[in-house]
*Asks:* 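Once you've had a glance at the structure underneath, I'll fire off some questions.
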Amino acid sequence: MSVGDQPGLVSRIMHDRTNPEKGHQRDPENRFSYTEEGTGPVYDGVHYHQYDIVIVGAGGAGMRAAIEAGPKAKTAVISKLYPTRSHTGAAQGGMAAALANVEEDSWEWHTFDTVKGGDYLVDQDAAEILAKEAIDAVIDLENMGLPFNRTPDGKIDQRRFGGHTAEHGKTPVRRACYAADRTGHMILQTLYQNCVKHGINFFNEFYVLDLIMTEVGHGKKKQRRPAGVVAYELATGELHVFQAKAVVFATGGFGKIYKTTSNAHTLTGDGVGIVWRKGLPLEDMEFFQFHPTGLAGLGILLTEGARGEGAILRNADGERFMERYAPTIKDLAPRDIVSRCMVQEVAEGRGAGPLKDYVLLDCTHLGAEVLETKLPDITEFARTYLGVDPVVEPVPVMPTAHYAMGGIPTNVKAEVLADNDTVVPGLYAAGECACVSVHGSNRLGTNSLLDINVFGKRAGNNAVEYVKDAEFVPLPHDPAGAIRDLIEQLQASTGTERIASIRKELQDEMDRKAQVFRTEESLGEMMEIIVGLRERYKNIAVQDKGKRFNTDLLEAIELGFLLDLAEVVVYSARNRKESRGGHMRDDFPKRDDAEYMKHTMAYLTGDPHSSHADDHIDLGWKPVVITNYQPMERKY
Amino acid sequence: MSTVTIEAAQTRVPERTTETTAVEDAPPGSFVITLIIRRYIPELDDEPRWEDFDVRVLPTDRILDALHKIKWEQDGSLTFRRSCAHGICGSDAMRINGRNRLACKTLIKDLDPSKPIYVEALKGLPLEKDLVVDMEPFFEAYRQVQPFLIASSAPPARRERTQSPVARERFDDTTKCILCAACTSSCPVFWTDGQYFGPAAIVNAHRFIFDDRDEASQVRLDILNDKEGVWRCRTTFNCSEACPRGIEITKAIQEVKQALLTGKAS
């Protein structure tokens with residue numbers, strides 16, 4: 001038997017197995033008692049737990065939420081990795097805040113830069129909060145112990161970064177607070193240290209695979225609310241149900257839909273995929289950021305902080321080509337612009353190297369001392385992985401898939417939205433998996449480490465407020481049943497398709513057809529490819545039949561999420577016939593505010609199991625919040 | 001549908017497919033290496049066993065790439081941890097040719113590809129499956145040194161505590177730790193005495209003992225003055241050699257010892 005024989009792998013996850021309105025009074029799952037620590041019984045092979053707040057994901061956003069929630073409410077953090085393995089740790093260059101420690105700056109300028117950087121698709125009320133609360137967010141981290149680099153007078157030092165300017169675009173400003181090129185590492189370590197300090201409950205290497213939603217209320221007041229999550233314990237292969245009053249998703253991005261990416265192997269968009277499969281919308285999924293300076297051929301990130309310190313991009317002729325495209329701020333233009341210019345240079349035959357397929361990041365004039373003290377990690381990456389020493393020779397670079405601007409729509413309280421304005425009570429999202437939207441169609445560098453801290457904290461605090469008055473929502477009967485079925489089918493499958501071969505084709509083709517430049521034709525071809533891959537996925541083989549540490553099984557499940565999300569990305573991209581921020585349509589090269597000054601909202605409807613997106617994706621729109629800044633042409 | 005249960009299925013030996021890449025498909029400059037991996041599947045094996053795999057690689061490939069090629073093309077049951085794949089997350093520390101290294105920072109060209117490459121799990125931590133060990137004892141030792149800033153005096157309202165660049169530099173080296181356990185699991189003292197805190201915990205204590213914003217150095221020094229503390233270090237330098245972040249671990253441990261003797265961290 002293969003998985004494909006079963007009607008609807010995905011639909012089995014989607015549909016509640018019982019009608020809770022009728023059934024829940026009888027269900028034993030709602031009559032369990034729990035210890036003070038939150039541990040319940042093992043019933044029908046499933047471990048039960050109960051917490052006020054469950055946070056899914058232990059990167060920056062999840063742990064920042066936990067630091068607020070843990071001391072005030074019974075909280076558990078469930079993470080598929082040990083917390084310190086999270087990809088927040090790979091962030092390098094800095095965290096933006098208008099501290100004005102080294103030059104004049106204001107949060108209002110920061111707001112403007114964020115809005116303009118996002119090509120005006122940013123919700124301006126959210127950007128204002130981001131920039132205003134940035135200052136406290138950095139101070140919080142310093143007070144928690146984060147070892148920032150310091151100015152001679154002992155304050156937090158700041159450096160330049162792409163798109164961050166003084167006086168609304170006049171000149172680059174030093175706004176990024178940093179710790180060498182290890183800012184993300186220091187944030188992750190500091191947050192984990194403080195979680196240890198507060199005694200936060202972690203469930204490490206537990207993969208959350210389902211969000212339990214229960215319908216409550218009657219008539220017009222009827223609504224779906226989160227009742228908890230279902231998790232798979234990697235060490236044992238056993239299932240756990242965590243009942244919770246509030247659930248916070250902080251699961252990060254999904255860069256692994258692409259081949260060339262700065263993202264970790266584990267960034268497969270599980271959280272975003274779970275929310276999608278529950279019938280909740282995803283916002284602005286077509287906007288994916290390609291970071292200009294990935295190590296050529298590898299995608300490993302080299303921080304924009306290098307250019308912040310003065311490094312220059314050059315083509316094969318040694319020309320500083322960014323001068324032609326962005327005469328004012330040159331190499332410090334926002335990432336979408338720099339990436340496009342690099343691809344264009346290569347396309348027009350000015351690429352460097354034997355195949356003329358990359359450009360060069362020239363750091364040689366910075367000197368060994370700046371490289372070794374302010375950019376030590378990227379210096380080592382270039383030496384280790386390319387055998388290139390940045391002190392004496394320029395480093396081959398090309399854009400690398402880096403960050404999802406889109407994701408689970410939330411309001412500024414980090415509450416998840418079921419449509420343009422209806423809140424799902426008790427459900428929160430923060431960080432890269434969420435779309436507030438503070439990044440619009442293109443995120444500025446250093447605004448992501450900021451986002452996780454500002455909105456992670458908000459998610460934690462608002463969840464605490466919510467659970468003060470909220471009751472546990474009843475669990476449906478056998479809440480882990482759908483996941484148990486999914487796992488049993490995958491393990492019993494006699495399919496012939498290799499997980500890796502489907503995933504590789506997805507990633508290779510996404511790089512070819514849905515990367516920096518896109519056209520109607522390339523996106524249409526990609527949709528067809530995804531149809532074929534979804535068909536093949538139904539016949540997938542899991543070789544490892546064991547229960548303990550079965551990463552083969554989890555790779556199969558993760559691939560399902562990647563396929564779902566790639567489909568939404570491409571489908572949304574085809575529908576936006578304009579170029580804006582990270583979404584560059586070669587066939588529609590201009591921004592079109594009259595038609596497209598609005599967020600995309602994608603909904604899963606119809607037959608989720610069909611391989612054809614037309615059978616199950618509905619696209620709608622959501623207005624952009626504009627407060628102070630009317631859209632203008634974006635020049636740098 | 002078939003009624004094969006997980007329990008029944010797991011007794012089957014995982015299928016293994018041999019390398020299928022035809023030579024004409026081989027990327028230029030690639031060659032075949034042999035990885036000899038110490039396997040242990042708890043449901044099948046009473047004892048760990050060595051198994052060899054031939055895999056086609058490029059000289060610039062990492063050991064992690066070779067492991068992935070085996071898992072993805074030959075044997076899906078091969079199990080190891082990994083995430084970032086460029087030496088930042090600390091997931092894939094393992095023993096490669098008898099040395100603790102990160103698989104994602106070890107390039108084939110830096111080994112001798114004409115000889116088989118031996119890969120096994122870290123020593124000194126309980127083996128769970130293949131290259132996966134139980135990390136809990138490691139993190140428990142870390143938590144015991146109180147690895148977080150302790151400062152009772154309030155920082156200036158809505159401002160940072162100030163710290164001079166020199167004071168910041170004092171503990172810079174030990175802030176680089178990624179908790180990969182390569183050091184601790186290379187330490188002969190840790191192998192024979194599971195109670196010893198191990199180098200990584202001491203590194204993380206050092207990071208706070210020498211941070212002039214912290215006010216609890218004495219607390220941590222007292223913890224490390226324990227019989228399972230810094231005095232068990234025999235300065236074999238295994239830890240410093242194993243550290244993928246280049247932290248001078250033995251030096252950090254010596255500095256903690258020095259602070260215990262003089263009663264002050266400076």
Side-chain angles (χ1 to χ4, degrees), chain A residues 1 5-6 81-82 84-87 89-90 135-136 138-139 142-145 147-156 179 182 185-186 189 193-194 196-197 235 237 264-266 300 377 381 384-385 387 487-489 491-492 494 498-500 541-552, chain B residues 1-2 4-6 9-10 12 14-15 41-44 60 68 71-73 75-77 79-91 105 107 128-130 132 135 139 142-143 146-149 155 158-165 168 171-172 175-179 208 211 213-214:
Chain A
M1 184 218 73
D5 300 338
Q6 297 301 308
L81 301 172
Y82 273 86
T84 55
R85 313 299 182 217
S86 303
H87 212 53
I135 295 160
D136 280 349
V138 168
I139 300 301
E142 194 286 329
N143 290 173
M144 284 185 216
F148 284 107
N149 276 41
R150 300 289 176 155
T151 63
D153 58 348
K155 293 181 190 161
I156 294 170
R182 306 182 180 121
H185 165 77
M186 300 301 187
Q189 295 291 328
Q193 290 156 4
N194 280 269
V196 170
K197 180 178 178 178
H265 286 286
T266 40
I300 294 171
D377 278 2
F381 295 155
T384 302
Y385 295 110
I487 288 169
E488 285 182 4
Q489 287 168 44
Q491 287 210 305
T494 51
R498 280 193 181 277
I499 300 161
V542 174
Q543 279 185 299
D544 192 338
K545 305 294 184 188
K547 288 192 75 170
R548 303 196 52 203
F549 287 93
N550 191 337
T551 53
D552 196 31
Chain B
M1 79 176 262
S2 136
V4 179
T5 62
I6 298 176
Q10 82 188 28
R12 286 193 315 206
E15 303 150 38
I41 297 178
E43 291 118 322
L44 300 175
T60 50
H68 269 145
K71 184 176 182 67
W72 293 343
E73 295 168 14
D75 183 349
S77 74
T79 302
F80 46 92
R81 292 189 175 101
R82 87 287 186 261
S83 188
C84 80
H86 64 282
I88 289 300
C89 77
S91 297
K105 275 190 93 170
L107 272 57
E128 293 276 5
K129 181 178 177 181
D130 289 348
V132 173
M135 296 292 289
F139 277 102
Y142 164 80
R143 287 191 291 264
Q146 305 201 13
F148 40 81
L149 189 80
R158 301 195 63 192
R159 285 308 304 181
E160 67 264 50
R161 291 184 170 87
T162 55
Q163 180 170 53
S164 74
R168 165 67 180 78
F171 63 100
D172 187 62
T175 64
K176 296 190 295 199
C177 175
I178 55 174
L179 298 168
F208 289 100
D211 183 338
R213 297 171 299 171
D214 189 86

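We name chains A, B, ... by the order of the sequence lines, and we start the count at 1 in each one. From a predicted model like this one, the values you see are computed outputs, not experimental measurements.
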*Asks:* Evaluate the salt bridge (charged side-chain N to carboxylate O under 4.0 Å, His left out) criterion for residues B:Glu160 and A:Arg150: first the C-alpha distance (whole Å), next the side-chain angles of each, then the deciding distance (0.1 Å), finally the verdict.
*Replies:* CA-CA 11 Å; B:Glu160 67 264 50; A:Arg150 300 289 176 155; 5.1 Å; no
*Asks:* Has B:Ser77 got a side-chain atom pairing as donor or acceptor with B:Asp75's backbone, closer than 3.5 angstrom?
*Replies:* no
*Asks:* Contact part of B:Leu179 toward chain A, heavy-atom cut-off under 4.5 Å: side chain, backbone, both or neither?
*Replies:* both
*Asks:* Would you check if the distance from the ring center of A:Phe381 to the ring center of B:His86 is below 6.0 Å?
*Replies:* yes
*Asks:* Listed by chain and number, what are the salt bridge (Lys or Arg N to Asp or Glu O under 4.0 Å) partners of B:Asp211, not counting sequence neighbours?
*Replies:* B:Arg207, B:Arg213
*Asks:* So which residue, B:Ser164, B:Gly87, B:Ala85, B:Cys84, ends up with the most heavy-atom pairs under 4.5 Å with chain A?
*Replies:* B:Cys84
*Asks:* If the condition is salt bridge (Lys or Arg N to Asp or Glu O under 4.0 Å), which residues does B:Lys105 pass it with, not counting sequence neighbours?
*Replies:* A:Glu380
*Asks:* Indicate the atoms forming the closest heavy-atom contact of B:Thr79 with B:Asp130, along with that distance.
*Replies:* N-OD2, 2.9 Å
*Asks:* Report which part of A:Arg182 has an atom under 4.5 Å of a heavy atom belonging to chain B: side chain, backbone, both, or neither.
*Replies:* side chain
*Asks:* Using heavy-atom distances under 4.5 Å, tell me whether B:Arg168 contacts chain A through its side chain, its backbone, both, or neither.
*Replies:* side chain
*Asks:* Taking A:Asp153, A:Thr151, A:Ile156 one by one, which has the highest count of heavy-atom pairs under 4.5 Å against chain B?
*Replies:* A:Ile156
*Asks:* Just so I understand: if I count every heavy-atom pair under 4.5 Å between each of A:Asn143, A:Ile499, A:Asn194, A:Asn550 and chain B, which residue has the most?
*Replies:* A:Asn143
*Asks:* Which one of A:His185, A:Met186, A:Lys155 has the most heavy-atom pairs closer than 4.5 Å to chain B?
*Replies:* A:His185
*Asks:* Go through the atoms of A:Tyr82 and report whether side chain, backbone, both or neither lie under 4.5 Å from a heavy atom of chain B.
*Replies:* side chain
